[in-house]
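Chain naming here is simple, since letters A, B, ... match the order of the sequence lines and numbering starts at 1 in each. Atom set for the values below is all heavy atoms of this structure, side chains included, hydrogens, waters and symmetry mates excluded.
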Amino acid sequence: MQRVLLRRRGSAVDITEHSDDGSAAATRIPVEELPAVVAEREAAPAPVRWVWDDTTRWYPALLAAGARVERCTDLRLSHVLLRRSPFADQALLVGGDTAGWDALQPVAAADPALFPPADPADLLDPAAEHRRQQAALAASPRRDRLALLLAAESAGALVAAEMTYTGLPWRADVHERLLTALLGPRPVAGGRPAVLERLLGEIRAALGAPLLNPDSPAELLRALQQAGLPVADTRSWSLAQLDHPVIPALLEYKKLMRLLTANGWSWLETWVQEGRFRSSFLPGGVVTGRWASTGGGALSVPTLIRPAAVADDGWRFVVADVAQLEPRVLAGMSADTAMAEAARASDLYEGMVAGGAVASRAEAKLGILGAMYGGTRGESGRMMPRLTRRYPRAIGLVEEAARAGERGEVVHTLLGRGAPSPTGAWAQRAVELGEPAEQAGSRGDRDRARRAWGRFTRNFVVQGTGAEWALCWMADLRNRLWRLGGAGSPAERPHLAFFLHDEVVVHAPEHLADDVVEVVRAAASTAGRLLFGAFPVDFPLDVAVVRSWADAG
DNA sequence: CGTACAGGTCTA
DNA sequence: TATCTAGACCTGTACG
């Protein structure tokens with residue numbers, strides 16, 4: 001496939017075409033002409049892969065100018081993956097500006113200018129970096145998987161930019177009605193809404209503390225203890241265990257205060273414009289390969305306010321999520337046929353019950369979560385021997401990942417994303433967490449930190465491979481949605497509008513909703529085959545065609 | 001007066 | 001004798 005490398009040169013762009021025969025041809029164009037050049041090239045029959053330093057620096061402006069890109073190589077994201085992968089020869093990756101690539105950060109989506117001034121990326125040579133990456137890939141003992149990972153990560157970067165561009169349809173009027181119904185009318189600057197004010201009065205009266213500010217955990221804890229309640233913190237879950245007249249009002253107050261501060265009127269003003277909630281997603285933003293987000297708390301939008309996410313008139317949301325993604329991924333990557341058999345059921349936990357591994361669904365869930373998170377105590381710990389007997393390969397894989405982490409070894413996902421080395425800052429953090437300063441250095445604390453790192457590596461291999469499945473799913477889905485046809489930009493055709501680790505929201509014209517359901521499922525099958533080949537592990541989806549996000553699931 | 005951390009709550 | 005993975009982001013509070 002033809003690769004076309006883009007490089008900024010002041011107010012111009014250098015375009016270098018790399019043909020399969022190794023020849024290269026370069027042209028220089030003014031930056032204003034780039035969208036037209038890209039659009040023309042994308043419309044031509046020969047497929048092309050754009051190679052650029054960083055999608056966040058190129059794609060938002062292209063989208064704004066009406067140019068959509070089918071494929072790219074994001075050198076920044078690829079660099080991070082290769083630098084940490086145990087299957088990339090680091091000697092091949094090191095060049096003059098490696099430190100610059102190591103340090104390169106994505107830019108915020110807020111600025112749509114194609115060329116931010118004084119960008120550190122301008123000091124880097126993308127052609128040289130691309131050559132190094134291709135060399136490392138060619139020499140890798142896991143070349144195919146690593147190449148798939150780089151392609152999927154780059155496709156994710158395109159998806160992320162497009163989701164910020166299109167936004168998630170959001171009805172401010174619905175959101176405001178919801179706030180008013182729960183909190184009362186919007187208060188004038190500074191005041192508490194009426195409902196909170198009333199609850200505050202009840203709380204103060206019930207505790208005999210007329211000046212209490214329940215927003216201060218320390219103050220609240222003292223007041224509760226003075227009222228004779230045996231409580232060590234003010235978490236809702238702890239308070240719910242208590243029997244005292246103040247508790248219902250206090251729990252309601254905490255819930256509504258959270259709504260007000262996290263997703264109240266000021267959230268609405270800040271993050272919703274022109275009927276769209278626009279946040280920015282950061283592919284690869286989490287060490288495991290999951291996406292992070294910045295702005296508006298996109299990855300923790302409470303279900304309480306999801307009724308305000310409403311498809312446009314004549315459009316629908318197609319909401320799809322994978323039930324029990326991570327245990328299915330674990331079955332696939334360990335080639336555990338017994339667990340894959342359980343995964344044939346649409347509810348994997350019920351499949352485990354049917355297979356005779358455990359007595360109840362609750363036990364199955366507890367046991368699997370314990371296996372993936374490293375819970376060794378309590379009920380999930382007691383489940384482990386039975387699970388190990390029944391699913392030796394699956395349990396063996398996570399146990400080995402935990403032991404490797406405890407030994408200080410580096411673990412990796414199925415496609416070759418490497419975990420951080422335990423000598424890095426992350427291990428320091430684990431040490432600090434397990435080690436109160438006054439007892440620093442004791443053997444027990446070191447053991448605790450080692451086990452904490454083992455839990456991290458145990459979870460890393462599963463969560464990280466789950467993230468790879470989701471990336472492959474979205475990358476394939478994005479292309480299938482585009483091929484459903486229509487005209488215009490992604491916003492005017494069926495498009496991905498939101499992504500939450502194992503769930504996607506597609507915004508589509510109503511008459512195409514059934515087609516979207518079909519391609520969402522087809523893309524899930526493709527992702528399973530890409531990762532696990534012929535090994536028979538299913539990824540059944542829960543799919544709903546709805547007007548509001550809240551109506552799904 | 002601005003920054004850093006603690007405590008809490010939301011997500012998968 | 002016990003909640004264990006990954007995050008974002010809010011308020012209150014301590015600190016320099």
Peer 1: Counting side-chain heavy atoms from C-beta on, which of dA6(C), dA8(C), dA12(B) comes nearest to Phe456(A)?
Peer 2: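 Selected nucleotide: dA6(C).
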Peer 1: Has Lys254(A) got a side-chain N or O lying under 4.0 Å from the OP1 or OP2 atom of dT9(B)?
Peer 2: yes
Peer 1: Would you confirm whether the ring centroid of Trp549(A) sits within less than 6.0 angstrom of the ring centroid of Phe498(A)?
Peer 2: yes
Peer 1: Given the structure, check if the side chain of Arg455(A) and the base of dT5(C) hold any donor-acceptor pair shorter than 3.5 Å.
Peer 2: no
Peer 1: Counting any heavy atom closer than 4.0 Å, what does Asp321(A) reach on the DNA or RNA strands: base, sugar-phosphate only, or nothing?
Peer 2: nothing
Peer 1: Does Thr303(A) place a side-chain N or O at less than 4.0 Å from the phosphate oxygens OP1/OP2 of dT11(B)?
Peer 2: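 Result: yes.
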Peer 1: Nearest to the side chain of Asp215(A) - dG8(B), dT3(C), dT11(C)?
Peer 2: dT11(C)
Peer 1: Give a yes or no on whether the ring-centroid distance for Phe277(A) and Trp267(A) is below 6.0 angstrom.
Peer 2: yes
Peer 1: Please determine if Glu406(A) and Arg403(A) form a salt bridge, counting it only when a charged side-chain N lies under 4.0 Å from a carboxylate O.
Peer 2: yes
Peer 1: Can we say Asp502(A) and Arg328(A) salt-bridge, meaning some charged N sits less than 4.0 Å from an Asp/Glu carboxylate O?
Peer 2: no
Peer 1: Just N and O in the side chain of Ser236(A): are any of them under 4.0 Å from OP1 or OP2 of dT9(B)?
Peer 2: yes
Peer 1: Categorize Val301(A) for me: base, sugar-phosphate, or nothing, with a 4.0 angstrom heavy-atom threshold over every strand shown.
Peer 2: sugar-phosphate
Peer 1: Can you find a side chain N or O atom of Asn263(A) that sits less than 4.0 Å from OP1 or OP2 on dC10(B)?
Peer 2: no
Peer 1: Hey, does Gly296(A) reach any base, or is it just sugar-phosphate, or nothing, if we go heavy atoms under 4.0 Å?
Peer 2: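 It contacts sugar-phosphate atoms only.
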Peer 1: Val286(A) or Ser216(A): which one's nearest nucleotide on DNA chain C is closer to the 5' end?
Peer 2: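 So the residue in question is Val286(A).
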Peer 1: Base, sugar-phosphate alone, or nothing: which one does Gly295(A) contact when heavy atoms must sit under 4.0 Å apart?
Peer 2: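 Sugar-phosphate only.
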Peer 1: In terms of the nearest nucleotide of DNA chain C, which residue is placed more toward the 5' end: Ala298(A) or Ser238(A)?
Peer 2: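 That would be Ser238(A).
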Peer 1: Across the strands shown, which category fits Arg306(A) at heavy-atom distances under 4.0 angstrom: base, sugar-phosphate, nothing?
Peer 2: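 Answer is sugar-phosphate: Arg306(A) comes under 4.0 Å of backbone atoms only.
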Peer 1: Base, sugar-phosphate, or nothing: which does Arg235(A) touch, judged by heavy atoms less than 4.0 Å apart?
Peer 2: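 Sugar-phosphate contact only.
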Peer 1: Check every strand shown and say whether Gly297(A) touches a base, only sugar-phosphate, or nothing at a heavy-atom separation below 4.0 Å.
Peer 2: sugar-phosphate
